[in-house]
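In listed order, ligands and their atoms are each counted from 1. All residue numbers refer to positions in the sequence shown, counting from 1. All values reported here derive from a predicted model rather than from experimental measurement.
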Amino acid sequence: MSDFPPREAAREFDRDDPLSQFADRFEISDGHYMDGNSLGPLSEDAEATLERVVDEWRELGIRGWTDADEPWFSYAERLGSMTAPLVGAETEEVVVANSTTVNIHTLVGTFLDAVDSPTVLVDDLDFPTDHYAIRAQLRQRGYDPDEHLVAVESRDGRTIEEDDVVVAMDACDPDVVFLPSVLYRSGQLLDVERITEEAHDRGILAGFDLAHSVGAVDHDLSGVGVDFAVWCGYKYLNGGPGAIAGLYVNRDHFGETPALAGWWGHDKETQFDMNLAFTPAEDAGAWQIGTVPMLSAAPLEGSLRMFEEAGIEAVREKSVSLTSYLVKLVDALSEAGYDCEVGTPRDADRRGGHVAVEHPEAYRVSLALKERDIVVDYRPPNVVRVCPAPLYTSHEDVWEVVDELRAILDEATYEQFDRQDGGVT
Ligand SMILES: *Cc1c(COP(=O)(O)O)cnc(C)c1O
């Protein structure tokens, strides 16, 4: 293929990149790591805060709760305050706690408790755990999820039209709309502001799952008035496998009773009075449940410091630049007759941090890429997700990835792999 854009253009972009020095702080083995939307890589910074907490555990034992550099007792609130700028919230509105799935249980559950015969609006391209959790919360309140959970249907199997969300709000009169900020497969970024405003115009609460946007896309949750949100610590936030998750509750809802209560959500001042009556914290901290898991929170501290240094606006700007470049290169392959296609919206305002490259043999193509040390993932039925995460990926990396893809398709090297037998790659 003669008209594939030259490598030099990628280097031009990289020369102007204000975030280029961050890459050296990540431990990435040979090749290209394009899967930071599933599991972010280890950084020196994350390792250092993890090691500090291990040292504190060794040296302080139980005194770590009060005497550690960052006392463990208030560590979740501390990390919450560091996360707040990434999601555009006030310090008290954010805490790190639990897992994303558990946070969906407790937050959706909390808002279901406020209404009789609740209906929740979601969409049919959601990450499955979100539906599992909401259905369980409905069932536990005696409601049939087949009636009380309504999913907006995608028109094209890739994206959700905000117009269709609004039509569904009018059609099924939900009490809560709970949607992802970024769809995990196609990478579409939904219009959080518009959906929130349309919901509020109708007296509906708006909650979002930011798992695929936090750390890649800047948000303005408080400004827009989003009611509640959840996200993962281990995707773009690079907090490590199974890292503690995060949640946001708009201050208008402080004082609501958490659906899943536990002593770590108790008012801190009196938590150790050990009263049998539960007095929830007056802020988002109330939605914590049990003791903060220090070892799955500690790496997040170092990682969040990197985001403080970089600034989320710069991160988003570079992310858009990288994904735009990736889209352009894959488009060049499509135009040259290769059987691949971009399944992510081309308008950068409608795109999160990864790009869905569609190919009829996506599964085997993803294996061929991995064999060349390019870590991507496959999502059925036909998507190779490619994530150029901004803190450790350059435009030249993106060029090399698409160049390898071109070689794989040219030589059909993916044919040496067996067809899919199921499972996640
Ligand atoms: C990754 C992801 C999750 C994962 O939830 P866990 O509780 O961390 O396993 C949930 N929802 C969405 C949308 C995700 O992308």
Element-labelled atoms of ligand 1 that are located less than 4.0 Å from some non-hydrogen atom of [X]:
X    : answer
Y234 : 1 (C), 4 (C), 5 (O), 6 (P), 8 (O), 9 (O)
T101 : 5 (O), 6 (P), 7 (O), 9 (O)
S99  : 7 (O)
A211 : 2 (C), 12 (C), 13 (C), 14 (C), 15 (O)

- Please determine if H212 has a nitrogen or oxygen closer than 3.5 Å to a nitrogen or oxygen of ligand 1.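 Such a contact does occur with ligand 1.
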
- Query: N/O to N/O below 3.5 Å, does that happen between Y184 and ligand 1?
  - Reply: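 Between Y184 and ligand 1 (N or O atoms, distance only) the closest approach is not under 3.5 Å.
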
- Query: Any donor and acceptor pair, going by atom type alone, linking the side chain of R185 with main-chain N or O of P380 inside 3.5 Å?
  - Reply: yes

- Quick one: do D55 and R52 satisfy salt bridge (charged side-chain N to carboxylate O under 4.0 Å, His left out)? Show the steps, please. CA-CA 5 Å; D55 289 344; R52 191 197 73 221; over 6 Å; no

- Would C232 count as a contact of ligand 1 if the rule is a heavy atom under 4.0 Å away?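 The answer is yes, since C232 has a heavy atom less than 4.0 Å from ligand 1.
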
- Message: Within the 4.5 Å heavy-atom criterion, are K235 and H212 side-chain neighbours or not?
- Response: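 A side-chain contact exists here, since the closest heavy-atom pair is under 4.5 Å.
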
- Can you tell which part of V102 has a heavy atom less than 4.0 Å from ligand 1: side chain, backbone, both or neither? neither

- Message: Heavy atom to atom 12 (C) of ligand 1, shortest distance: which of I244, D209, L179 holds it?
- Response: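 Considering heavy atoms of I244, D209, L179, the nearest to atom 12 (C) of ligand 1 sits in D209.
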
- Note on the structure: ring pair (Phe, Tyr, Trp, His ring centres under 6.0 Å) with F228: of W287, F178, F208, only one passes, and it is F178

- Query: Can you check salt bridge (charged side-chain N to carboxylate O under 4.0 Å, His left out) on D173 and R202, steps first, answer last?
  - Reply: CA-CA 8 Å; D173 191 22; R202 294 163 175 77; over 6 Å; no

- Query: Roughly how far apart are S303 OG and R25 CZ, rounded to 0.5 Å?
  - Reply: 10.0 Å

- Starting from atom 10 (C) of ligand 1, find the nearest protein heavy-atom neighbour and note its residue, name and distance.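 Of every protein heavy atom, T129 CG2, 3.4 Å lies nearest to atom 10 (C) of ligand 1.
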
- How far is atom 1 (C) of ligand 1 from its nearest protein heavy atom, and which residue and atom name does that atom have?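 Of the protein heavy atoms, K235 NZ, 1.4 Å lies nearest.
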
- Task: Test R155 against E161 for salt bridge (charged side-chain N to carboxylate O under 4.0 Å, His left out), laying out the working first.
- Result: CA-CA 8 Å; R155 298 183 195 184; E161 294 298 325; 5.1 Å; no

- Item | Pair D146 + R135: basic N to acidic O under 4.0 Å | yes

